[in-house]
Amino acid sequence: MHEHLTVVKHPLVQHKLTLMRDKDTSTAVFRQLLREISQLLAYEITTKLEMTTRRIETPLCEMDAPVLAGKKLALISILRAGNGLLDGVLELIPSARVGFVGLYRDEETLQPVQYYFKVPQELEDRLVIVVDPMLATGNSSAAAVDLLKQAGANNIRFMCLLAAPEGVARMAEAHPDVPIVTASVDECLNEHGYIVPGLGDAGDRMFGTK
Ligand code: URA
């Protein structure tokens, strides 16, 4: 499917995901659960960050203590639903730089078109984590990663809450170098492009629209 696909099976993640899928879960609870899951997914996606050491003094002695190496990482939210994942990840990694990619689907060509693109400088020196809750067709995710690569990013990871097999396959074809971390790969997409069983429209559920 995808060489670098990680499905986080942790009981807390799966329990929270079930609550989020439930159509009777309120907007407030959905948002809170998304924040909590995003931190657990962020824990997984950052397991192999490069480390170095820094000389510090504890109250007892000096030591070479582990710290993250390199430039601050960049979190890139795909608008608008990406922002729901972004908040939680930023709580865990408060010094991260943040960028936004806005894409809409052209109704004639059905291809994603960029309407907003603002990302941190020196992307080529940063780990770039793209966040978008739903990896459905994968078209907008693949297009967003294209744009980030054009902007210099060369170390990209993709974090989503739910994925469809179609989206995972699309990303594997377009960007086999981009590892994906998700809480579930669901059954399929329906004829409207929704993930089944899924959780509905993630943006609407987190922002209370529709
Ligand atoms: N986007 C959503 O918000 N939900 C889906 O099921 C697919 C794409």
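Remember, it's 1-based here, ligands and their atoms both numbered in the order they're listed. Reckoned from all heavy atoms, side chains included, excluding hydrogens, waters and symmetry mates.
- Among protein heavy atoms, atom 7 (C) of ligand 1 sits closest to Gly193 O, 3.4 Å.
- Looking at Ala202 next to ligand 1, an N or O pair under 3.5 Å apart turns up.
- Exactly one of Leu148, Leu75, Val178 qualifies for a side-chain contact (heavy atoms from CB on, under 4.5 Å) with Val130. That residue is Leu148.
- Distances below 4.0 Å separate heavy atoms of Ile195 from the following atoms of ligand 1: 5 (C), 6 (O), 7 (C).
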Mind running side-chain contact (heavy atoms from CB on, under 4.5 Å) on Phe158 and Leu135 for me, showing each step along the way? CA-CA 10 Å; Phe158 188 89; Leu135 178 59; 4.1 Å; yes

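- For Arg157 and Asp177, the salt-bridge test fails: no basic side-chain N is under 4.0 Å from an acidic carboxylate O.
- Although no hydrogens or angles enter the test, the distance criterion places no donor-acceptor pair under 3.5 Å between the side chain of Thr52 and the main chain of Ala69.
- A salt bridge is absent between Arg80 and Asp132: the closest approach of a Lys/Arg side-chain nitrogen to an acidic carboxylate oxygen does not fall below 4.0 angstrom.
- For Gly200, a nitrogen or oxygen atom sits less than 3.5 Å from a nitrogen or oxygen atom of ligand 1, counting backbone and side chain alike.
- For atom 1 (N) of ligand 1, the closest non-hydrogen atom of the protein is Met134 CB, 3.8 Å.
- At the shortest separation from atom 8 (C) of ligand 1 among protein heavy atoms lies Ala136 CB, 3.7 Å.
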